[in-house]
2 protein chains.
Amino acid sequence: MAKTNQKWHERFRDRGLRFTQPRRVILDVLDNTADHLSAEEIYMRVHKKYPNIGLTTVYRNLITLERMGIVTKFHFGDGCHRFELIENKKKPDHHHHLVCTGCKRIIDYDDFMDEEIEYIKKVESALSRKHSFNITDHVIQFYGLCKKCKAA
Amino acid sequence: MAKTNQKWHERFRDRGLRFTQPRRVILDVLDNTADHLSAEEIYMRVHKKYPNIGLTTVYRNLITLERMGIVTKFHFGDGCHRFELIENKKKPDHHHHLVCTGCKRIIDYDDFMDEEIEYIKKVESALSRKHSFNITDHVIQFYGLCKKCKAA
DNA sequence: TTAATAATGATAACCGGTAGCAATTAGTAA
DNA sequence: TTACTAATTGCTACCGGTTATCATTATTAA
């Protein structure tokens, strides 16, 4: 329940885009999950309530939402992209995940958050200067096996 | 020129695998580049000198080489996997890259290396304990635009 | 209400990567 | 050296995720 439809509507209008039913529904799905859903998974949830909305439309709108800065796209090495509503995250633009390579479960961790952000900032500014880069994003991911998958 | 063919040959034999021409050639390509090549790119270089070696063989052997711990596979978000000979890296099992989202250039940086490794270790052990994970790997990547792509 | 045009949905295509399978070949044992 | 045999290769067809095409539909400014 991060943003009312009215708010979303404005964000689209401000860019000269339309606030269509598919967009409303996709945002609703993203706003009502804690998971990192793939396009296919989002489509399935959308499809359950609105069977008339097509897969292509979901893909297209995820791109649009990413461009609008509403959604972030990740790749965790399982062969598909996964999406997260930016408004749902505790700290914007800081993406760190713990990924189980067995069951593909993804955990957003927040240990050492402040320390990590500070470290990232330092490296970012050093790298920007040294390599003349305009750094816009970063990713920290740990891979391993969760308790269940270790046992299995 | 990291390893002589004899050395590679032993590593394959020790696992009951054969040291074939395609494997020799693929390793040679990987050993003679500083870039992070995709399977397709490796295939093209292989193909130039040995047109009889097929694309499938390249894919298959990259998997084999990864299993053997000779090669590391990365994904930088450009839709394909990229490979690096482990022997060529300064510090094994520590992967940090600066990626230009414009021209896809990838820079291996080594600033704050020791500090970063120490920090990673700390987070890793904390996350392992807290989430009962068996952490085997991690990735740190910065994304942005390089000097050229900024201007363009 | 209507005109203009952004957005949609169905289909086909694309692209990186993989499976199946007959033919070949590296490495061992005679 | 030769013969054997399983590992490996190279086709081809196929797969799953994603994107292009294009005629149709629907949002929104006037």
Side-chain angles (χ1 to χ4, degrees), chain A residues 5-6 8-27 29 36-68 70-71 73-83 104, chain B residues 5-6 8-27 29 36-68 70-71 73-83 104:
Chain A
N5 274 349
Q6 188 52 41
W8 290 128
H9 200 172
E10 280 166 22
R11 271 186 92 164
F12 281 95
R13 195 183 44 218
D14 292 351
R15 291 198 167 221
L17 301 175
R18 295 173 180 175
F19 192 47
T20 62
Q21 188 199 49
R23 285 174 182 169
R24 212 185 322 254
V25 177
I26 290 166
L27 281 168
V29 166
H36 302 73
L37 302 177
S38 67
E40 197 91 24
E41 286 165 352
I42 293 166
Y43 167 68
M44 289 193 300
R45 297 194 185 194
V46 164
H47 187 78
K48 221 174 272 175
K49 286 208 152 190
Y50 300 84
N52 51 312
I53 295 176
L55 178 58
T56 312
T57 298
V58 172
Y59 272 107
R60 254 186 315 227
N61 280 317
L62 287 170
I63 294 168
T64 302
L65 291 172
E66 199 202 355
R67 280 214 197 96
M68 292 174 72
I70 290 174
V71 146
K73 180 169 72 176
F74 295 98
H75 43 94
F76 296 111
D78 63 342
C80 65
H81 291 117
R82 298 188 168 274
F83 300 85
K104 313 299 179 193
Chain B
N5 274 347
Q6 189 51 42
W8 290 128
H9 200 213
E10 281 166 21
R11 271 184 93 164
F12 281 95
R13 195 183 43 217
D14 292 350
R15 290 197 167 223
L17 301 176
R18 296 174 179 175
F19 192 48
T20 61
Q21 190 201 48
R23 286 175 181 170
R24 212 185 321 254
V25 176
I26 290 166
L27 282 168
V29 166
H36 303 72
L37 302 178
S38 69
E40 198 90 25
E41 287 165 351
I42 293 167
Y43 168 68
M44 288 193 300
R45 297 194 186 194
V46 164
H47 188 78
K48 219 174 274 175
K49 286 207 151 190
Y50 299 84
N52 51 311
I53 295 175
L55 178 58
T56 311
T57 299
V58 171
Y59 273 109
R60 254 187 314 230
N61 280 317
L62 287 170
I63 294 169
T64 303
L65 291 172
E66 199 201 357
R67 281 217 196 94
M68 292 174 72
I70 290 174
V71 147
K73 180 169 73 177
F74 297 98
H75 43 95
F76 296 110
D78 63 341
C80 65
H81 290 116
R82 297 187 168 274
F83 299 85
K104 313 299 179 193

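Source: prediction; values computed, not measured. In what follows, chains are A, B, ... by sequence order, proteins preceding strands, each numbered from 1. These numbers come from the heavy atoms of this one structure, side chains and all, not from hydrogens, waters or symmetry mates.
More than 12 heavy atoms of other residues, nucleotides or ligands sit less than 6.0 Å from atom CZ of Arg13(B). The local environment of CZ in Arg24(A) is crowded, with over 12 non-hydrogen atoms from other residues, nucleotides or ligands closer than 6.0 Å.
When all heavy atoms are compared, the tightest approach of Arg11(A) to Met68(A) is NH2-O, 3.4 Å. For His47(A) against Ile53(A), the heavy-atom pair with the smallest separation is ND1-O, 4.1 Å. When all heavy atoms are compared, the tightest approach of Pro22(B) to Asn61(B) is CB-ND2, 4.1 Å. Residue Ile26(B) comes nearest to Val58(B) through the heavy atom pair CD1-CA, 3.9 Å, listed as atom of the first residue, atom of the second, then distance.
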I'd like a list of close polar pairs between nucleotides 14-17 of chain C and the protein, N/O only, cut-off under 3.5 Å.
residue : atom : partner  : partner atom : Å
dG17(C) : OP1  : His81(B) : N            : 2.9
dG17(C) : OP1  : His81(B) : ND1          : 3.0
dG17(C) : OP2  : Tyr59(B) : OH           : 2.8

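Between the CG atom of Leu62(A) and the OG1 atom of Thr57(A) there is a distance of 10.5 Å, given to the nearest 0.5 Å.
Here the side chain of Arg18(B) pairs no donor or acceptor atom with the backbone of Phe12(B) at under 3.5 angstrom.
Here the range on DNA chain D touched by chain A, meaning any atom under 4.0 Å from one of its heavy atoms, is dG17(D) to dA29(D).
In this structure, the side chains of Phe83(B) and Leu65(B) stay at 4.5 Å or more apart for every pair of heavy atoms. Between Leu27(A) and Phe19(A), some side-chain heavy-atom pair lies under the 4.5 Å cut-off.
The distance between atom CD of Glu66(B) and atom P of dT18(C), rounded to the nearest whole Å, is 10 Å. The CG-C1' distance, from Asn52(A) to dA7(C), rounds to 14 Å in whole Å.
Side chains of His75(B) and His75(A): a donor on one and an acceptor on the other come within 3.5 Å.
From one end of the helix from dT1(C)-dA30(D) to dA30(C)-dT1(D) to the other, with five pairs defining each end axis, the axis direction shifts by 40° (rounded to 10°).
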How does each nucleotide of nucleotides 19-30 of chain C score, in 5' to 3' order, for protein heavy atoms under 4.0 Å: base (B), sugar-phosphate only (S), or none (-)? BB----BBS---

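Applying the salt bridge (charged side-chain N to carboxylate O under 4.0 Å, His left out) test to every pair with at least one member in residues 41-64 of chain A, sequence neighbours left out, gives these pairs: Glu41(A)-Arg82(A).
When the ring-ring contact (aromatic ring centres under 6.0 Å, His included) test is applied to Phe76(B), the partners found at least two apart in sequence or on another chain are His36(B), Phe74(B), His97(B).
For the pair Arg23(A) and Pro51(A), nearest-nucleotide mapping onto DNA chain C gives the more 5' position to Arg23(A).
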